[in-house]
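Excluded from the calculations below are hydrogen atoms, water molecules and symmetry mates; all remaining heavy atoms, backbone and side chain alike, are included.
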Amino acid sequence: MKKRISTFVWVCILGIVCIFSCMVIYRVEYPTITLRNVVKERLVSQAEGNSLLSHFTFRDPKSAGLSGAIRMPLYSKEAYDLSIEEDKEDFEVLRELDFSHGTNSLSKSTLCNALMFSLKHEIALSRFSYFEEPFAPYSGVQNELAILLTEYSFDEKKDVVDYLEILSLLPDYLEGLCQYEREKAEAGLFMSDASADVVIQTLDNFCALSDSENIYLKTFESRLKNLYENRKLTKKEYAYYLSENERLINTIVFPALQKTGDSLTLLKAGDKSTPKGLCNYPGGKEYYEIYVCSVLGEDLPIPALKNAFCRQLQADYIELNTLLQNHTDYFIAIMGREKEYDPLLSLSAEDCIPILQKQMGADFGSVSDKDYPYEIKSVDAVMESYTNPAYYFTPPVDDLKHNIIYINHAQTKEGLSLFTTLAHEGFPGHLYQAVTSGRSLSAIHLPSLSGVTYYGGFLEGYATYVEFLSYDYVKKVAAQLSLNDQSSLYYDYLMYQRRICLNLYSILDIMIHYEGATCNDIAPFLKRIGITDAEVLQSIYDYIATEPATYIKYYGGYLKILECKNLAKDVWGEHYNEAAFHDTLLKYGPVDFFSLKNAIKAEIP
């Protein structure tokens, strides 16, 4: 009898221990599992609804849990409202998570807080749903579509089939965006006539391309030929797909682009209006405040942001004037002969990358092509007028070895410009950041947030930060190439010019969108950097007016990176070093600066 009682007691104790252990494991693992699931569900949901973007998001969509159905997003007010409700639900779920227990708790809480920051601002911006502009004259769908379609990779026959199906869905996709534009017009928020004219002209230009210039035909044939030569297509399939693409481009895609242009034409006010700042529209000022904080990655008053820009602008002007005054004879001597003082002119893009990889070693650690593989491509001549000076395609979340840097040779000249651009886009810029962050998070089994949301201030601020670091690299390289160090003065001059321009344009962004400045109002400020031509003044004003917070994303983000650096120096004290700071900066992936600063405070190397 005693033995039975003893056995029963031990069984009860064992049961209690098991239950307690399960509770502990649940308490530790539940928040992590929930965070992973929220990120995965949002990533898959976005990809399921947009097969064009999902092709660039996943190398293996099936393994990621995608159904394989080909879809393009169709705008509707109901669908938009539903997505905001899902944002609210996810926000509430994340807010309840406790990461104070278990391993890597700082990384987990940082990611959770960063995603909450993004969701909070998406929800806040939803009150101003008609301020978004899918057809922004310089960065809108009309340009984005051309880039994505011409860079859609063909690794197997299925990719070709999917691509052709996507082409067939483009009319409905574009019509959905036109419906959104009609709703914007009803709300009194349709773009200016001048902006609409730019978009319509771009659409017309694509439709008017001759067969020899038609990027949709040229790039398709090149990609298809590669499949055929690798024996992944038969000769009959090759001929069929070539013909089918031409048919779809000429009978489906181009008519859809023309119809889009017609729809935008009908929505024009007919008053020959030009772009103006957001504060000129009802609710525009409040929208701009939230939007800037969202893009930048930190909540702060706009006047405070402007004051920070102005203080830095004044400091840079003082530094630049001191440089010119101390070396007056030198700068007089190089006027009109600047190319002679840039020994990097002899370097190609392929030459620059290995040099950057070597120079960045002391600040970031060693890199190799094996660990950070890349490919450099040139932007097609037809696309040179519609794309940035350079851009980097973020690799698929499941294939960090697929890295491509595009150089627009019409806008990126050889020499210093090419070198610093490759630092921004490649090493130690976007490419290095994307791969390093992705691997760091993968090593501790956490997902990157880069596929589910966009932290522009961190991404472009970091790339601008390393771009300015590269001016120090370039001075060392130039001294070796020219066997003298005089080029360093010229490079310092160009660095201050670059910083002043980015800063000034950021200030103008606030003046235009928050204070209602006109083109005449900003003219005196641009005159300070030598811009007086009326046409150039108007083009700068129009760009900033139609692309709000773009420069703030770059320069404001850069200043926030410097804030984080100074914070690390203060908190870490003698433990601070450049490599440790950069490691902390990159290990969490793109996040907001509030979350990043908290991580810096909590982590001493």
Side-chain angles (χ1 to χ4, degrees), residues 35 38 42 84 87-88 90-97 99 106 108-129 131-132 277-279 283-312 449-450 452-462 464-465 502-503 506-507 509-515 547-568 570-571 584-585 588-602:
L35 175 62
V38 169
R42 294 183 68 84
I84 296 301
D87 288 346
K88 292 177 180 178
D90 285 344
F91 181 86
E92 292 302 323
V93 168
L94 294 171
R95 188 162 64 171
E96 297 299 320
L97 300 183
F99 291 101
L106 181 59
K108 295 169 185 175
S109 62
T110 299
L111 291 180
C112 184
N113 290 335
L115 184 51
M116 287 173 61
F117 176 92
S118 177
L119 291 174
K120 180 183 74 172
H121 287 82
E122 284 296 318
I123 294 166
L125 288 170
S126 68
R127 295 187 288 115
F128 310 92
S129 56
F131 277 99
E132 290 187 42
L278 290 167
C279 63
K285 190 170 185 177
E286 185 180 358
Y287 168 81
Y288 180 73
E289 290 176 307
I290 301 170
Y291 181 69
V292 167
C293 294
S294 172
V295 168
L296 182 59
E298 188 167 332
D299 290 320
L300 73 171
I302 299 298
L305 181 62
K306 184 183 178 184
N307 287 338
F309 288 148
C310 290
R311 286 194 300 270
Q312 188 61 50
L449 302 181
S450 61
V452 297
T453 189
Y454 179 64
Y455 300 93
F458 180 98
L459 287 168
E460 298 303 346
Y462 167 78
T464 303
Y465 165 77
L502 287 177
N503 192 343
S506 299
I507 294 171
D509 194 290
I510 293 174
M511 291 175 62
I512 292 169
H513 291 291
Y514 191 75
E515 299 171 356
E547 304 282 345
T550 294
Y551 288 107
I552 290 176
K553 178 172 56 180
Y554 286 81
Y555 195 76
Y558 163 67
L559 291 186
K560 288 298 170 184
I561 295 289
L562 293 184
E563 281 185 18
C564 291
K565 190 171 190 174
N566 290 330
L567 175 65
D570 291 340
V571 174
T584 300
L585 196 62
Y588 302 109
V591 293
D592 65 287
F593 288 109
F594 180 78
S595 300
L596 181 60
K597 288 176 180 177
N598 283 338
I600 290 172
K601 293 174 185 176

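If you take CD on Glu289 and CD1 on Ile510, they are separated by 11.0 Å, rounding to the nearest 0.5 Å. Of the inter-residue distances, the one linking Ile512 atom CD1 with Cys279 atom SG reads 9.5 Å to the nearest 0.5 angstrom. Atom-to-atom distance recorded for Phe99:CZ and Thr110:OG1 is 10.0 Å, nearest 0.5 angstrom. The CD1 atom of Ile507 sits 15.5 Å away from the OH atom of Tyr514 when rounded to the nearest 0.5 Å. The structure places OG of Ser595 at 11.0 Å from CD1 of Ile600, a figure rounded to the nearest 0.5 Å. One distance of note links CG of Leu562 with NZ of Lys560; it measures 10.5 Å at 0.5 Å rounding.
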**Study point:** Trace of the side-chain contact (heavy atoms from CB on, under 4.5 Å) decision for Asn113 with Val591
**Key:** CA-CA 9 Å; Asn113 290 335; Val591 293; over 6 Å; no
**Study point:** Residue pair Phe309, Ile552: steps toward the side-chain contact (heavy atoms from CB on, under 4.5 Å) verdict
**Key:** CA-CA 10 Å; Phe309 288 148; Ile552 290 176; 4.2 Å; yes
**Study point:** Stepwise ring pair (Phe, Tyr, Trp, His ring centres under 6.0 Å) check, Tyr558 with Tyr555
**Key:** CA-CA 5 Å; Tyr558 163 67; Tyr555 195 76; 5.5 Å; yes
Point to revise | Working for side-chain contact (heavy atoms from CB on, under 4.5 Å), residues Lys601 and Asn598 | key: CA-CA 5 Å; Lys601 293 174 185 176; Asn598 283 338; 4.2 Å; yes
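A 4.5 Å side-chain heavy-atom check between Ser506 and Tyr554 finds every atom pair outside the cut-off. Side-chain contact between Tyr588 and Leu449 is absent, with no heavy-atom pair separated by less than 4.5 Å.
Annotation for Ala124 and Ile290: closest pair CB-CG2, 3.9 Å, computed over non-hydrogen atoms. Phe593 and Cys564 make their closest contact through CD2-SG, 3.9 Å (heavy atoms, listed as atom of the first residue, atom of the second, distance). Annotation for Asp299 and Cys293: closest pair OD1-CB, 3.4 Å, computed over non-hydrogen atoms. Summarising the geometry of Met116 relative to Leu94, their closest heavy-atom pair is CG-CB, 3.7 Å, with the distance given to 0.1 Å. Of all heavy-atom pairs between Leu106 and Ala599, the closest is CD2-O, 3.9 Å.
A salt bridge is defined here as a Lys NZ or Arg NE, NH1 or NH2 lying under 4.0 Å from an Asp or Glu carboxylate O, and Arg42 with Asp87 meets this definition. Note on Asp592 versus Lys120: no salt bridge recorded, every NZ/NE/NH1/NH2 to OD/OE distance being 4.0 Å or above.
With sequence neighbours excluded, no residue forms a salt bridge (Lys or Arg N to Asp or Glu O under 4.0 Å) with Glu122. Under the salt bridge (Lys or Arg N to Asp or Glu O under 4.0 Å) criterion, Lys306 pairs with Glu515, not counting sequence neighbours.
By the 6.0 Å contact criterion, OH on Tyr454 is enclosed, its count of non-hydrogen atoms from other residues, nucleotides or ligands being greater than 12.
With hydrogens and angles ignored, the 3.5 Å screen pairs no side-chain donor or acceptor of Tyr462 with any backbone N or O of Leu585. With hydrogens and angles disregarded, a donor-acceptor distance shorter than 3.5 Å links the side chain of Asp509 to the backbone of Ala549.
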